[in-house]
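Every chain is numbered from 1, with letters handed out A, B, ... down the list of sequences.
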Amino acid sequence: MGATDKLLAQSLDPALLDQWFDQRFEAKMAEREAAHVPSLSIIATKGTMDWAYPPFILASTAGALGWDVSVFFTFYGLELLKKDLHLEISPLGNPGMPMKMPFGPQWLQDINWKVPNVVMAGIPGFEKVATGLMQQTVKNKGVASIDELRSACLEADAKLYACQMTVDLFGYSQDEFIPEIAGWIGAASFLPQAQKSDVCLFI
Amino acid sequence: MSTNATQTLDARGMNCPLPILRTKKALTDLAKGETLAITATDPGSLKDMQAFCKQTGNELVSSSEHQGEFEFLIRKS
């Protein structure tokens, strides 16, 4: 301790100093919190219509709230960045998925069709039909389309990253994807970003 | 719907998160102090609109429910 510090310590009342520090600390922390822009990082790994909703809903909403958003699309998630979205849904092996008709009288719409897996697996085009019905349901209920949500993400300046390894693995070419992609990167580039974000989700 | 708002937004029939996304978009076109009146039917919008305003620092002047429709007035800050 230097001579000045000694003098200072003698003349200061420790209790007062603590009180001053507590107040100052509180004020500084509040200031910091007010100036902090929250951030969200999502790792999107699924390429079906149902699994396309969570990342795009969360990313577009966070964007609307003024958050910094970045989404890393990897493996089947890369399908969500295609110029032409042909996302399908599969009820096969998904007992949690209600199977209801989006048209007809209400009593018909209320029926949850329990179709056995073996039947779903055996009927050609079953997934196409299920996808068509889901698209109709989405429309009827005023839920946004994936295209719409993706545009909202881009408008809100969300950074959409594509996994370069997946492109090579699945033999894609970069021009199959939307030009707004923020970067073709790998895990080593995304992880340091995710580390700094307030919310990080794997979907 | 409040008629003296600077702008109105009809979000009826839209589901989460569309009312919020449209609100955000409409607010960007407004100047500070101007108001936006929103009508929505999504029951989730009641909580969502409060959270949106709290997070973005805009003022939720009023919110009300009338026969399944929700009305909000937001002042841009």
Side-chain angles (χ1 to χ4, degrees), chain A residues 30-40 42 44 49-69 71 80 98 100 102 134-158 160 197-199 201 203, chain B residues 1 7-61 63 65-77:
Chain A
E31 221 173 84
R32 227 182 110 113
E33 198 169 326
H36 176 71
V37 178
S39 53
L40 167 71
I42 297 177
M49 186 191 172
D50 46 348
W51 282 98
Y53 274 98
F56 281 135
I57 286 181
L58 293 169
S60 58
T61 304
L65 293 177
W67 292 25
D68 279 339
V69 182
V71 189
L80 311 183
K100 294 184 177 179
M134 187 55 131
Q135 282 166 343
Q136 190 58 46
T137 305
V138 159
K139 219 175 186 178
N140 290 354
K141 305 275 174 171
V143 172
S145 71
I146 293 300
D147 237 331
E148 214 172 346
L149 290 173
R150 187 170 73 177
S151 303
C153 288
L154 291 168
E155 267 169 42
D157 247 350
L160 308 184
S197 66
D198 299 297
V199 181
L201 305 171
I203 300 177
Chain B
M1 186 181 272
Q7 225 187 75
T8 57
L9 170 68
D10 184 0
R12 283 174 297 184
M14 292 180 196
N15 223 320
C16 167
L18 282 177
I20 291 293
L21 299 185
R22 295 287 154 81
T23 298
K24 161 80 181 170
K25 209 170 181 183
L27 280 173
T28 53
D29 296 336
L30 292 187
K32 200 177 161 188
E34 290 185 325
T35 50
L36 176 69
I38 305 142
T39 316
T41 46
D42 170 22
S45 63
L46 204 57
K47 281 254 161 65
D48 281 357
M49 222 45 101
Q50 287 172 7
F52 170 79
C53 287
K54 199 173 168 217
Q55 181 94 76
T56 55
N58 294 296
E59 185 196 346
L60 184 59
V61 182
S63 68
E65 186 192 351
H66 182 62
Q67 292 180 338
E69 289 195 357
F70 303 90
E71 292 184 358
F72 307 96
L73 188 68
I74 296 178
R75 179 174 291 117
K76 183 166 174 172
S77 51

Revision key, fill the gap. Okay, A/Ala144 and chain B: the region with an atom under 4.5 Å from a heavy atom over there is both
Check your understanding: To the nearest 0.5 Å, how far apart are CD1 in B/Ile20 and CD1 in A/Ile57?
Key -> 12.5 Å
Practice item. Step through the shown structure and confirm whether more than 12 heavy atoms of other residues, nucleotides or ligands are within 6.0 Å of NE2 on B/His66. Key: no
Practice item. Applying side chain to side chain contact (heavy atoms under 4.5 Å, CB included), run through B/Leu18 and A/Glu148 and close with a yes or a no. Key: CA-CA 9 Å; B/Leu18 282 177; A/Glu148 214 172 346; 4.0 Å; yes
Review point. Is the number of heavy atoms from other residues, nucleotides or ligands under 6.0 Å of B/Lys54 NZ greater than 12?
Key: no
Check your understanding: Which heavy atom in A/Gly63 sits nearest to a heavy atom in B/Lys24, and how many Å separate them?
Key -> O-CE, 4.2 Å
Review point. Do B/Pro17 and A/Leu149 have side chains that get closer than 4.5 Å, going by heavy atoms?
Key: yes
Check your understanding: Considering residues, nucleotides and ligands other than B/Glu65, do more than 12 of their heavy atoms fall under 6.0 Å from its CD?
Key -> yes
**Study point:** For the student: nearest non-hydrogen atoms of B/Leu21 and A/Ala64, plus distance
**Key:** CD2-CB, 3.8 Å
Review point. Which region of A/Leu58, side chain (C-beta onward) or backbone (N, CA, C, O), has a non-hydrogen atom less than 4.5 Å from a non-hydrogen atom of chain B, or is it both or neither?
Key: neither
